[in-house]
Amino acid sequence: MSTRILLFVFVLIGFISINSCENLQEDDNTRSYKNPIKIGVVGDITIGRDVAENNFLGVKLAADEINSQGGITINNTTHEIELIFKNSDGNPEVGLQVIEEFIDQNIHIIIGPTISQVAMDMAKRCIEKNILMISYSSTIPDLSELIDRNLIWRTCPSDVFSGDIMASYTMDSLEITKAAILYRDDNFGRAMKDIIQYKYESIGGEIVAVTGYPTDDTELNLFNFSTYLNDLLIEKPGIIFSAIFELESGKITQDIWASALYQNYEVKPPLFLVEGGFLKELTTNGQPDVVKTILGISSSTSNNPNYITFENNYIEEYGFSPTSYTEHAYDALYSVAYAIQKSQSTQTGNIAENLRLVTGGTGSNENAVKINTNEFTIAKNLLEKNVDINYNGPSGSIAFDENGDPKSAFVIWEIKNGEYNELTYIEKR
Amino acid sequence: MFRFDMNSCIFKININKRMKTSYLQIIFVLSFLICCFTGIPELKSQEIDTSETQKLFDLSLDDLMNIEIVSAVGKSQNIKEAPSIVTVITSKQIKQRGYQSVAEALNSTAGIDIITDYFQPNMGIRGINGGVRSWSRLVKVMIDGQSISLRSSSDNFLDQSLIPIEVIDKIEIIRGPNSAIYGKNAFLGVINIITKKGSEETNNAITHFAGSFANNATYGISTVFGGENKYVDFLFASTYSHYDYSGLTPANIPGSQIYTTTDLTEQNESSPFSIYSKIHYENEKIGEFILDLSHQDINHKAEFADWGALTHHNRINVLNAYERLQYSKTLFDNFDSHLSIAHSHSKPLNNEILDNDNNHSDWISREFKTTSYEIGGNISYNSEEKSSFTLGVDYTADINDYQKYYTINSLGDKTLNPGGSTGPRNFNNTGVYLQMILNPGSFFKLDFLNNLTLTAGYRFDFHTIYDDVLTYRLAAVYQIANQLSTKLMYGTSFNAPSPAQLYTNAMYPGDIIGNPDLKPERAKTLEWAIMGKIIDNLNFNTNLFYTVIEDKIEYLLPFGEITNITAANISKIYSAGIEAEVNYSYMNSLSYFNYSYQRSIIERTNPLYGLIKVKTALYPEHIFKFGETYAFPKLYTRVHIEGKYISSRKASEQNSFIYDPINYSIHSYNLDPYFLVGVTLESMNLNLFNNKESIISIKMDNLLNSEYNYPGFDDYDIPGLGRSLIFKLTQTL
């Protein structure tokens, strides 16, 4: 009998201990928000995971900073920003579904998506549904052309500018007159190819070969690019403009290195990459001899003090560096937050009316007080006193134009001894 | 299809998930109490002749309760006095239950859950599984004290390639830490396979088996020969098996329709082969010498490889072997000494092909090679019958050619894949340990402490790659009554990062790469056990454990700047549970039941959510296993029925990411619970040739043809096998 009592006590103690131990309880760290202003954040995680996730974190950093400084005050009531993250999966249909989900949650402000392929369809639906959308990395030029009732914005520059600069830099600075283009055969890739080809040929360059690779239902990090690359290499280009994503960039460098045609070149043609978060992918999975010849363009320019501040904040918060477009995502939220603070409203029309005014854009006050990174409280106080502000974030001067596009600053970069190295800075409007 | 879903029964009464769990626990506790206070007295009222059971099974409950083990403290000790939670599976149980591999035997014990990808079993223990590309690396697996993990990755291969099962005398399974004596990788458990002596009469036999797995033919042959003369005892055994797991379709994860019924594994063959040999020389004057060697040929197609499912091209073929010489001698009256020298080596064989797509014009080859030299010894002073002091030293030199992947193109050109790092080739470790086992009653002449045994052990490991590590343990074992004892134990342990985790390059862009900054995983475990007899024919062994793991190595999915999956010390795990084992004999039957309940919480920082605490993936919360062997002496037959209920478990993080790419850390899907039952029929006392015993057995697994899935690590889960049948004939010579 005593053995059984002992066993009973033993088992009872066991179950009580296990179920009452605080360390053994789940906690997903969800928090509640004071009078939340809900903002949807969309990224194409499945397509460019590291870029999309860093963009999410850029937006989150901005929201956390704003909330920790008292949030937005509307009519003397404090509102915190609550972010709802969703994946648009690189698929326009999923993007549209995400909009419906946001509408169901009464969310009318969307930051994102990541890629142009999805952005166009989402933008059109947002216009229909009176939703304000502000993308941080959809660079497709067509986004500027939409009749959007001021509902569609972006904090990243259009490909028109980056394509122009790539073509001009190749002709003027590198003095290469024969080039080829490798591109993703999707909306983004085709548009970029057209821009580069038009500009390059218009300034006297010759595009000797063009090839696009499929992007649907393909694991591009495992794809065999040899055929496509050989189609270009056989025409002996001096450089290969590459409208590609980071996902496949490492594999492309491996496949080009494996090409006998490439190896036969006395001077190997460099790849000139469009904007993207290529650095880690190339240094991890890229073929080192090819990687050291690569050039790229980026709108993340570290010659801007606000970028340095932002980068330090970001590293301190997350323990790693931001990638391309992260600062644009961060600026997207700040721009919206300042517009809400200025308009004292969360109505999309009111926010849209004020986005240019708080960022030094078209029609804004030239004497507005310049607001830098880490100055939310100052800006909020000024706005509460009806003083105009001009937000300059880590992207630089945003200054939205009449199309909802920002002022554009670029850097040409290379990878030198395994490290990112900025070669030259170029501004364009 | 048969499904036993305990949770769904409770769901019908419309209660939430947390309450469901509580209800399940209440049901268990109530069942236990009913068993204690009502059922057992009923059983006791029947007068049972346990000696008859012993005669029939050549194994009694007293044997099991008083079995001598060596693994807990590195020397022979009664299991009741061992300062560890130990389960022993004997050769007789292996035979009677029809186990074909060590993995099968382990899977019948409490606190252990084994999943498979049909390349290798992957053993989880006490709520934790090593996860992707980690085959049973949370425990130290040894043959007579010699570690047999693949040095490059610390994986343990528990299938038929591990050792011919016929040479196993017993498997000592320690759940809990044991680094204080065995050093690295005796992390969450130790599996020590004790081999037979050549002189045992059951040796000298040939076994054939044939049958059907997944509707494909399977077959194998094993031989074991042994003998002795005056001083020398020898044993040689080999086994070769062939399995074919073709015709299986990956299970889509919820919301996915990637795989259809036409997507099938093809030629998914396994051909494990192993040799074990031992020569034992013993002379009272000279001492005892043991020379043993083990050769494992791991040779499997891998259709469920995480890097490429259904490529029909992946074959993993690895050699893993060791040779060892041991010398033991009693120096003076109370001093024992032991010396061991071993050489081990491992590398992939030429048959190995890795491929991540269905275009077979190019593929991937892997290179690694590890040569290890080990020397170790200890000296023990046995002051009393139950008191001893041991000082041991061991030195290991692993010479590594790190794992490297190459791409082979259609012309046969070989290119080194990028990624990863390189480091020093030599991994050298010096371990020094001190262990004291003390019976304070006899040692200090204090009679009232006669029933208490204390154990204290400390070990320092000095390693050339990662930090030096101190591990220790303290334990008290107290015999409360004649048939009842209790143990209280606290110990620390560590799991060293493997060379592959530190330095491997990528198989393909995005694949796992090494992280040279990895630190050892460290665990602290508190255990309390009670074992004994409730009635003459029922013994029990139950324990509570609480483990905290620091610096747990996880395969970090790409995040932030990381583009490849990378091993990283990123989490902390809290795990607690209760394990209960019951052995029961009644007339012609011998039964076991065991139940494990565990709750394991992984704590880590997710940049999007901050610090989160969620249940560990891959491991079920409740496991219930049972088996009953029933002898029919008049029919010369023995029947063994065995079953297990596995509750639902969280999918792998890799699959959860596909299921919900943003919230995967806190929002996973669960795999369904399942119930499996199998039956083995075996002949008894059958002499077909020359008066030598012939054993015929028929084993049917998954008798009810239940459908179930194991967790997968790509975009699918791995289907379990349907009903399978093995017909086996063993002829002793």
Side-chain angles (χ1 to χ4, degrees), chain A residues 2-8 10-15 17-19 21 23-31 43 45-46 49-50 53-54 56-57 60 85-87 89 219 221-222 224 246-251 253-254 257-258 277 279-281 284-288 317-323, chain B residues 22 25 28-29 32-33 36-37 40 356-357 359 362 407 409 413 415 417-419 480-481 483-484 506 508-510 513 528 530 532-534 540 542 544 546 548 558-564 574-578 580 597 599-601 603 607-615 661-663 666:
Chain A
S2 60
T3 304
R4 269 171 256 151
I5 291 170
L6 183 67
L7 266 179
F8 170 74
F10 187 83
V11 172
L12 204 62
I13 289 173
F15 277 96
S17 307
I18 292 165
N19 286 287
C21 177
N23 285 336
L24 297 170
Q25 308 308 315
E26 290 192 278
D27 179 6
D28 59 11
N29 203 17
T30 48
R31 55 161 293 193
I45 291 277
T46 329
R49 182 175 178 174
D50 53 341
E53 282 180 337
N54 277 285
F56 282 4
L57 297 178
K60 182 176 181 291
F85 297 96
K86 287 194 185 289
N87 173 32
D89 200 28
E219 287 187 89
N221 57 326
L222 309 178
N224 188 342
E246 56 282 353
L247 177 68
E248 61 263 29
S249 59
K251 185 65 164 54
T253 62
Q254 291 180 30
W257 182 254
L279 184 63
K280 198 69 186 177
E281 170 65 17
T284 306
N285 294 310
Q287 207 292 326
E317 180 69 21
Y318 302 120
F320 46 81
S321 299
T323 61
Chain B
S22 302
Q25 290 155 10
F28 173 75
V29 174
F32 189 85
L33 296 178
C36 282
F37 294 104
I40 291 164
N356 57 13
D357 58 30
N359 171 13
D362 59 3
T407 297
N409 69 13
D413 299 331
T415 311
N417 290 356
I480 302 167
Q483 300 289 3
L484 187 67
Y508 56 87
I513 54 169
W528 178 27
I530 299 181
K533 274 188 173 182
I534 293 180
F540 69 92
T542 184
L544 293 167
Y546 179 62
V548 180
F559 211 104
E561 292 179 277
I562 298 167
T563 60
N564 290 49
Y574 302 93
S575 179
I578 184 163
Y597 164 69
R599 178 177 279 256
S600 300
I601 297 290
E603 179 184 282
L608 215 48
Y609 297 100
L611 188 69
I612 54 170
K613 289 168 69 179
V614 294
K615 286 183 182 171
I662 295 173
N663 305 304
I666 57 170

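Heavy-atom basis, side chains included; hydrogens, waters and symmetry copies ignored.
Of the residues considered (B:Ile530, B:Val548, B:Ile480), B:Ile530 shows the highest number of contacts with chain A, using heavy-atom pairs under 4.5 Å. Contact count against chain B (heavy-atom pairs under 4.5 Å) is highest for A:Gln254 among A:Gln254, A:Glu219, A:Lys86, A:Gln287. For the set B:Ile662, B:Asn359, B:Ile513, the count of heavy-atom pairs under 4.5 angstrom toward chain A peaks at B:Ile662. For the set B:Leu611, B:Asn356, B:Leu484, the count of heavy-atom pairs under 4.5 angstrom toward chain A peaks at B:Leu611. Ranked by heavy-atom pairs under 4.5 Å with chain A, the list B:Trp528, B:Phe540, B:Tyr546, B:Tyr508 is led by B:Trp528. Ranking B:Ser600, B:Gly577, B:Ala506 against chain A, the residue ahead of the rest is B:Gly577, based on heavy-atom pairs under 4.5 Å. Here A:Ile18 is the residue among A:Asn221, A:Ile45, A:Ile18 with the most heavy-atom pairs under 4.5 Å with chain B.
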Requested in this report: Just do the side chain to side chain contact (heavy atoms under 4.5 Å, CB included) check on B:Lys613 and A:Gln25 with the steps written out, would you?
Outcome: CA-CA 7 Å; B:Lys613 289 168 69 179; A:Gln25 308 308 315; 5.5 Å; no
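Here the CG-CG distance, from B:Asn564 to A:Asn285, works out to 4.0 Å after rounding to the nearest 0.5 Å. Rounded to the nearest 0.5 Å, atoms CZ (A:Phe10) and OG1 (B:Thr542) are 5.0 Å apart. Between A:Asn23 atom CG and B:Arg599 atom CZ the span is 12.0 Å, to the nearest 0.5 Å. Of the inter-residue distances, the one linking A:Phe15 atom CZ with B:Leu544 atom CG reads 9.0 Å to the nearest 0.5 angstrom. Annotation: the span from B:Ile534 atom CD1 to A:Leu6 atom CG amounts to 10.0 Å, rounded to 0.5 Å. Rounded to the nearest 0.5 angstrom, B:Asp357 CG and A:Asn224 CG are separated by 8.5 Å.
Residue A:Lys60 touches chain B through its side chain alone, counting heavy-atom pairs closer than 4.5 Å. Contacts of B:Ile666 with chain A are made by side-chain atoms alone, with heavy-atom separations under 4.5 Å and no backbone atom involved.
Between A:Gly286 and B:Pro418 the shortest heavy-atom distance is O-CB, 3.5 Å.
Under the ring pair (Phe, Tyr, Trp, His ring centres under 6.0 Å) criterion, B:Tyr574 pairs with no residue at all, not counting sequence neighbours. Taking the salt bridge (charged side-chain N to carboxylate O under 4.0 Å, His left out) definition, one finds that A:Glu248 meets it with A:Arg184, sequence neighbours left out.
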